[in-house]
Protein chains: 2
Amino acid sequence: MAAVNLKELAKILNLSISTVSKALRDSHEIGASTKERVLAKAKELDYSPNPFASGLRRNKSKTVAVVVPEVANNYFALAINGIESVAQEKDYHVLIYLTHEDFEKEKRIMKHLENKRVDGILMSVTMHTNQCDHLFDIQQKGIPIVMFDRICHEIETAKITTDDYISGMNATKHLIDNGAKDIAFLSLGDEVSIVQKRKSGFLEELEKNNIVTAPNRIVNCNDSDESNYQKIKNLLKGKQRPDAIFASVEKLATTTYEVCKELKINIPQDLKIICFSNLATASLLSPSLSTITQPAYEIGKTAAEVMFKYLDKNKTYIPNENIVLHSTLFIRDSSQNLSK
Amino acid sequence: MAAVNLKELAKILNLSISTVSKALRDSHEIGASTKERVLAKAKELDYSPNPFASGLRRNKSKTVAVVVPEVANNYFALAINGIESVAQEKDYHVLIYLTHEDFEKEKRIMKHLENKRVDGILMSVTMHTNQCDHLFDIQQKGIPIVMFDRICHEIETAKITTDDYISGMNATKHLIDNGAKDIAFLSLGDEVSIVQKRKSGFLEELEKNNIVTAPNRIVNCNDSDESNYQKIKNLLKGKQRPDAIFASVEKLATTTYEVCKELKINIPQDLKIICFSNLATASLLSPSLSTITQPAYEIGKTAAEVMFKYLDKNKTYIPNENIVLHSTLFIRDSSQNLSK
DNA sequence: AGTATTTACGAAAACGTTTGCGTATTGTGT
DNA sequence: ACACAATACGCAAACGTTTTCGTAAATACT
């Protein structure tokens, strides 16, 4: 019942507390036979060190925090999956905090983490995060941050991203190759690093093909489904609607599907769609959705590995480093010129 | 930089450590003016109590663990969402552990939690969890468990579930009403509490309608996508295939969609499908998928609220209680008799 | 005025570890 | 035989809180 602690263990073994402690940590100061005796008894009594006592003493929490906008999102869910798997292997614990795209909440969460509750933070910022003082403060307190996907350039640390610029180009090229002449880009907040890069790739590819886009072809969406629905509907309901859509994030593509359903627009005949997405059911949609899919699990895994690389060395400072993984283009029906 | 602690704060304020501590905790022992002075200085210097010291002293972690099979799953993601939202409100922290349907891993995780790292555990067991000693042990150590969805009946505690039996009946009735005469049930491990109830509802409704089902109409699936794919393919490829499928979990429905794609079986003309699911894109599938949808967010929220109800009262024992929330039947195209 | 009570604070122990240092015992080298 | 080093262990401080108790000073009561 009452968990046994070092003191009781020591008493039972007729040893001092320090000897038992050192034996358990396999110190060279302790003889082999005593070590065995201690280990055996500890196992027998199911001893497990109190994490608060040892955390207090060693100033280590054996815990990392994951701070992300959402969890009910295929990308972040997979990333968390990757993070958790390496954490579990490393005997670390994973705290999770959701910002729900609320910048103020992100700041509050950071404030809560300043007191060394965690040894490190893995995070993706909200779409409204336009300055990084709160991250800077955390770093100043000696808590390292590793950023993934939605990063802050200003913060000096390791950043795991995907080749969003190239992917943006590739996806755009694919649409053009399939006959698109007037492509709209569904953006998501000007601040978001990855969306910027995706858009740059999009614009670059257009320019390469000498296509000029009207400003209203860049639709700036946000985190409100209803508002986005209206914006997309406005874009598509007129006579002069675009013939293709490049959605910067998954949610905007599914919303577009819904709008098309209402407006009775046929995909891909009347409108081609491609988007960044980790949707497991992309191929089951009607029509199947073409996607640029990020290696979300690997991104999480890599972020965690980088973090532990420094934590293992007791390094609280992580130098600038950009790790770029590759996304994969999955061409399905929604983006193809099926008439040919 | 170096976080300020009570000792330094006390020195600066020319007060004793205990006075400062009490002032911060708003003790009646401290005068109003000193309280103000302390609060002001604490805020100014950004004081935040060391969670390990206070955790050690008070034997409280202000942390709960969430132990679930997966996170890349709409249901669990939403449930986590619910849990996290009330935890954040209560100033609690949320640790997350994924079992990946591995019973041994579940046991290891529980072992890791025995040392009071958390004040409570919210969990859904793996599909292979067929005995509960590991949960019993945790309870014995004074750590309360609240179970949701996939519960263990043997464990005495609060359990949050949905009306799976009724939902199973309703879904079955709906299929029958739409002309189904030979319905197959895709099960998932005999141990899983919720699947049992869903199956019972299914069988009960069949009986009510005097439909007898061949034993091979109950297909026992597992956590291997490939294996499930084959099992479902075997079920559907013959001449004598069923005319409807009731999938106990989302993944089995999407796998069925894939099989139908390969076998060129038309849904719902040749085969009707309904399943338990929290898929956000159910209505966008081809055809749109009829679902019984659980209030996943509310389930998580309720589980957390029950947990905190007891934690707030310092109660480590949670009496048996069954809280049942209601699922909603969303009838879409995949299950309907569209020919009529 | 003298005693009892309340108010406001400080001293110190405790939570369970980890770790630097001291020391008794044993072993090694001349 | 001696000094000296290595081995194996114990003592006690420290980590930063919380909390019990003690006690001056201030107030209240007879």
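Keep in mind that this is a model prediction, so the values were computed, not measured. Each chain gets a letter, A, B and so on, in the order the sequences are listed, and its residues count up from 1.
Judged as a side chain to side chain donor-acceptor pair (under 3.5 Å), and not counting sequence neighbours, B/K62 has no contacts. Residues passing the side-chain contact (heavy atoms from CB on, under 4.5 Å) test with B/A303 are B/L122, B/V146, B/F148, B/I160, sequence neighbours excluded. In this structure, the side chain to side chain donor-acceptor pair (under 3.5 Å) partners of A/E84, at least two apart in sequence or on a different chain, are A/Q88. Evaluation of the salt bridge (Lys or Arg N to Asp or Glu O under 4.0 Å) rule for A/E321 yields no partner, not counting sequence neighbours. For A/K111, the salt bridge (Lys or Arg N to Asp or Glu O under 4.0 Å) partners are A/E114, B/D46, not counting sequence neighbours.
In this structure, B/T34 does not reach the C/dA8 phosphate: none of its side-chain N or O atoms is under 4.0 Å from OP1 or OP2.
Residue B/K116 contributes atom NZ, which lies 14 Å from atom P of C/dT17 at whole-angstrom precision. In this structure, B/L13 places its CG atom 12 Å from P of C/dC9, rounding to the nearest Å. Separating the CG atom of B/L24 from the C1' atom of D/dT19 is a distance of 15 Å, rounded to the nearest angstrom. Taking atom NE2 of B/H28 as the reference point, atom C1' of D/dT19 lies 12 Å away to the nearest angstrom.
In terms of modelled atom types and a separation under 3.5 Å, the side chain of B/N74 and the main chain of B/A77 share no donor-acceptor contact.
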Per-nucleotide protein contact string for nucleotides 10-18 of chain D, where B marks a base within reach and S marks sugar-phosphate only (heavy atoms under 4.0 Å, - for neither): BBBBBBBBB

